[in-house]
**Q** 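Quick one: this structure, given as structure tokens, is what I'll be asking you about.
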Amino acid sequence: MSGTPVTAAPATGAVVTGLDLGGTKIAAALFAADGTVLARHTRPTPAREGAPAVLDALAAAAAAVDPGGLAGALGVAAAGVIDPRSGMVTSATDSIRGWAGTALGTGLADRTGLPVACDNDVRATAGPELAALPGGRGSLLFAAVGTGVGGALAVDGRMLHGASGVAGHLGHLPSAEAAGLPCTCGGSGHLEAIASGPGITAHYERLTGTPVDRLETVAVRAAEGDEAAVRAVTTGAAAAGRVLGGLANALGPDRAVVGGGVPRIGALYGDALAAAFAAELMEPLRGLRPEPPLFGHDAAVLGAAALTTTLPLHHPGAHR
């Protein structure tokens, strides 16, 4: 829908395009200088066709959402470990074939003729949450719990990127509940293995010996009183809460946000996470509680567009 106003607009002073690249879908939005959404576009991600095809699809999405060539810059929020300074995908799972090692910034700039800013999709999604804090100078702990467990950390108004862009990957922190379980990163015992959607589903299967098709099936069974389903959901939630509570003590955030698909399965999950989170907090943080995101489906493309004002721009034809 064009002409839709969005709060916490990217303060670019120019028309910009925001792209959100996921494993299955590319979403694009064209933003006016005041943050109004002028146009939207979505298309499938050709994830099995390799990185050049994905870059081509991103460029095609940018062209489709901006046929008049109004945008002066492009921001992209992408799956994987993204180093916004080099514009490289420094690490990635196989959800997009051959994605690790891709020159995302310059590759997309060369295809579109526009300067490009890029970052990890979770950090980009957290950007509007950070901007919404008083003065935009607060500290934020942001977690996205879905197929994996991603995150973003911001201190005193500054998003942390870290070496190779790896900062914020909360799913790869150690978790006692995940001891011995293999992780998608190649390690073991990490939070993602017990707290993600697939992690909770796999835990239910271990408890019952019964395969299930998806997390929602476990959630329904938990709501019906299935003891193993309740245990799988609450174990994953409590594991996430404990890790996030410990991180809150280290970071001292003004706000803690937990989003993603898994928290939407219901109060059983949310209550268990909140209780475990609160139990870890030091006294000065006792009032801190996990909250849902302020922004909806536009958060990733909005955050992507805002990257053009906060991160290095990669230009067409730049030496690399």
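Residue numbers count from 1 along this sequence.
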**Q** Report yes or no: do L108 and F31 belong to one cluster of Ile/Leu/Val/Met/Phe/Trp/Tyr joined by side chain heavy-atom distances under 4.5 Å?
**A**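 No, L108 and F31 fall in different hydrophobic clusters.
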**Q** Please say whether more than 12 non-hydrogen atoms of neighbouring residues, nucleotides or ligands are located less than 6.0 Å from CD in E216.
**A**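 Counting other residues, nucleotides and ligands, CD of E216 exceeds 12 neighbours.
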**Q** Within a radius of less than 6.0 Å around CZ of R158, do more than 12 heavy atoms belonging to other residues, nucleotides or ligands occur?
**A**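 Atom CZ in R158 is not crowded, with 12 or fewer foreign heavy atoms closer than 6.0 Å.
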**Q** Under 3.5 Å, is there a donor-acceptor pair between the side chain of T90 and the main chain of S164?
**A** yes
**Q** Would you find more than 12 non-hydrogen atoms of other residues, nucleotides or ligands less than 6.0 Å from R231 atom CZ?
**A** no
**Q** To the nearest 0.5 Å, what is the distance between SG (C183) and CD1 (I194)?
**A** 11.5 Å
**Q** Can a donor-acceptor pair be found, under 3.5 Å and without considering hydrogens, that links the side chain of R242 to the backbone of E280?
**A**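 No, the answer is negative, given that no donor and acceptor are paired below the 3.5 Å cut-off.
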**Q** Transitively linked via ILVMFWY side-chain contacts under 4.5 Å: Y204 with Y269?
**A** yes
**Q** Compare all side-chain heavy atoms of F277 with those of V258 and state whether any distance is below 4.5 angstrom.
**A** no
**Q** Kindly determine whether T17 and L114 satisfy side chain to side chain contact (heavy atoms under 4.5 Å, CB included), including the steps that lead there.
**A** CA-CA 10 Å; T17 297; L114 293 173; 5.6 Å; no
**Q** Does L141 reach the side chain of L170, with side-chain heavy atoms less than 4.5 Å apart?
**A** yes
**Q** So, does T308 use its side chain to make a donor-acceptor pair with the main chain of G75 at under 3.5 Å?
**A** no
**Q** So, the side chain of D119 versus the backbone of A124: is there a donor-acceptor pair under 3.5 Å, distance only?
**A**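 Side chain of D119 to backbone of A124: no pair is present.
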**Q** Check the hydrophobic clustering (I, L, V, M, F, W, Y; side-chain heavy atoms under 4.5 Å; chains of links allowed) and say if L160 and L133 are grouped together.
**A**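 No, separate clusters.
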**Q** Could you check whether any side-chain heavy atom of D56 comes within less than 4.5 Å of a side-chain heavy atom of R111, counting everything from C-beta outward?
**A**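 Result yes, sub-4.5 Å side-chain heavy-atom pair found.
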**Q** Between atom CD of E129 and atom CG of L140, what is the distance when rounded to the nearest 0.5 Å?
**A** 7.0 Å
**Q** Under the 3.5 angstrom rule, does the side chain of W99 hit a backbone N or O of V54 as a donor-acceptor pair?
**A**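 It does not hold such a pair.
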**Q** Using salt bridge (charged side-chain N to carboxylate O under 4.0 Å, His left out) as the criterion, list what pairs up with E291, not counting sequence neighbours.
**A** R255
**Q** Taking L130 as the starting point, is it possible to reach L251 by hopping between hydrophobic residues whose side chains are less than 4.5 Å apart?
**A** no
**Q** Using 0.5 Å steps for rounding, measure from the NE2 atom of H297 to the CG atom of L302.
**A**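 Reported to 0.5 Å precision, the distance equals 14.0 Å.
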**Q** Could you check if a side-chain atom of N120 sits within less than 4.5 angstrom of a side-chain atom of H169, using non-hydrogen atoms only?
**A**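 The answer is yes; the side chains approach within 4.5 Å.
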**Q** What is the minimum heavy-atom distance between S139 and G252, and which atoms define it?
**A**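 Minimum heavy-atom contact is CB-O, 4.0 Å.
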**Q** Does R123 use its side chain to pair, donor to acceptor, with the backbone of A167 at less than 3.5 Å?
**A**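 Yes, the answer is positive, given that a donor and an acceptor are paired below the 3.5 Å cut-off.
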**Q** Is a side-chain N or O of R97 found less than 3.5 angstrom from the main chain of R48, in a donor-acceptor match?
**A**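 Yes; judged by distance alone, with no hydrogens or angles, the pair exists.
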**Q** For a side chain to side chain contact (heavy atoms under 4.5 Å, CB included) check, start with the C-alpha distance between R40 and D298, then their side-chain angles and the critical distance, and finish with the verdict.
**A** CA-CA 10 Å; R40 302 176 195 270; D298 275 319; 2.4 Å; yes
**Q** Hey, does T125 have a side-chain heavy atom less than 4.5 Å from the side chain of F142?
**A** yes
**Q** Other than L313, what residues sit in its cluster of Ile, Leu, Val, Met, Phe, Trp and Tyr side chains whose heavy atoms are under 4.5 Å apart, directly or through others?
**A**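 Members besides L313: none; it forms no cluster.
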**Q** Just by distance, do the side chain of T45 and the backbone of K25 share a donor-acceptor pair under 3.5 Å?
**A** yes
**Q** Out of curiosity, does V145 fall in the hydrophobic cluster containing L244 (side-chain heavy atoms, cut-off under 4.5 Å, transitive links)?
**A**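 Both belong to a single hydrophobic cluster.
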**Q** Looking at R221 and E224, is any side-chain nitrogen of the basic one under 4.0 Å from a carboxylate oxygen of the acidic one?
**A** no
**Q** So, using ring-ring contact (aromatic ring centres under 6.0 Å, His included) as the criterion, who are the partners of H190 when residues are at least two apart?
**A**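 For H190 the ring-ring contact (aromatic ring centres under 6.0 Å, His included) partners, ignoring immediate neighbours, are H172.
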**Q** How about V262 and V149: do any of their side-chain heavy atoms sit closer than 4.5 Å?
**A**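 Of all side-chain heavy-atom pairs linking V149 with V262, none is under 4.5 Å.
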**Q** Under the rule for salt bridge (charged side-chain N to carboxylate O under 4.0 Å, His left out), what residues qualify as partners of D254, not counting sequence neighbours?
**A**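 Counting only residues at least two positions away or on another chain, D254 forms no salt bridge (charged side-chain N to carboxylate O under 4.0 Å, His left out).
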**Q** Tell me the closest heavy-atom pair linking L307 and A117, and the distance in Å.
**A** O-CB, 3.5 Å
**Q** Okay, side chain of T309, backbone of A306: is any donor-acceptor separation there less than 3.5 Å?
**A**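 Indeed, once roles are kept as given, a pair shorter than 3.5 Å links the two residues.
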**Q** So L181 and R206, do their side chains get closer than 4.5 Å, heavy atoms only?
**A** yes
**Q** Taking side chain as C-beta onward, heavy atoms only, is D121 less than 4.5 Å from L21?
**A** no
**Q** Say you draw a straight line from CG of L247 to CG of L153; how long is it, rounded to the nearest 0.5 Å?
**A**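 It comes to 6.5 Å.
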**Q** If you link ILVMFWY side chains whenever their heavy atoms are less than 4.5 Å apart, which other residues fall into the same cluster as L207? By chain and number, please.
**A**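 Members alongside L207: none; it stands by itself.
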**Q** Whether the side chain of H314 engages the backbone of P84 through a donor-acceptor N/O pair (distance < 3.5 Å, no angle test) should be reported.
**A** yes
**Q** Between P290 and A274, what is the shortest heavy-atom contact and its length?
**A**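 Answer, listing the atom of P290 first, then A274: CG-CA, 4.2 Å.
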**Q** Give the intermediate values and the outcome of side chain to side chain contact (heavy atoms under 4.5 Å, CB included) for residues I26 and T42.
**A** CA-CA 6 Å; I26 295 169; T42 60; over 6 Å; no
**Q** If you link ILVMFWY side chains whenever their heavy atoms are less than 4.5 Å apart, which other residues fall into the same cluster as V166? By chain and number, please.
**A** V81
**Q** Would you compute the distance between atom CE of M88 and atom CG of D83 and round it to the nearest 0.5 angstrom?
**A** 9.0 Å
**Q** At their closest point, which heavy atom of L294 faces which heavy atom of A132, and how far apart are they?
**A**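 Result for this residue pair: CD1-CB, 3.9 Å.
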**Q** How long is the gap from CZ on R85 to SG on C118, to the nearest 0.5 Å?
**A** 11.5 Å
**Q** Where is the tightest heavy-atom contact between A195 and A240, given as atom of each residue plus distance?
**A** CB-CB, 4.2 Å
**Q** Please name the pair of heavy atoms, one in G18 and one in A304, separated by the smallest distance, quoted to 0.1 Å.
**A**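 Smallest interatomic distance, heavy atoms only, reads CA-CB, 4.0 Å.
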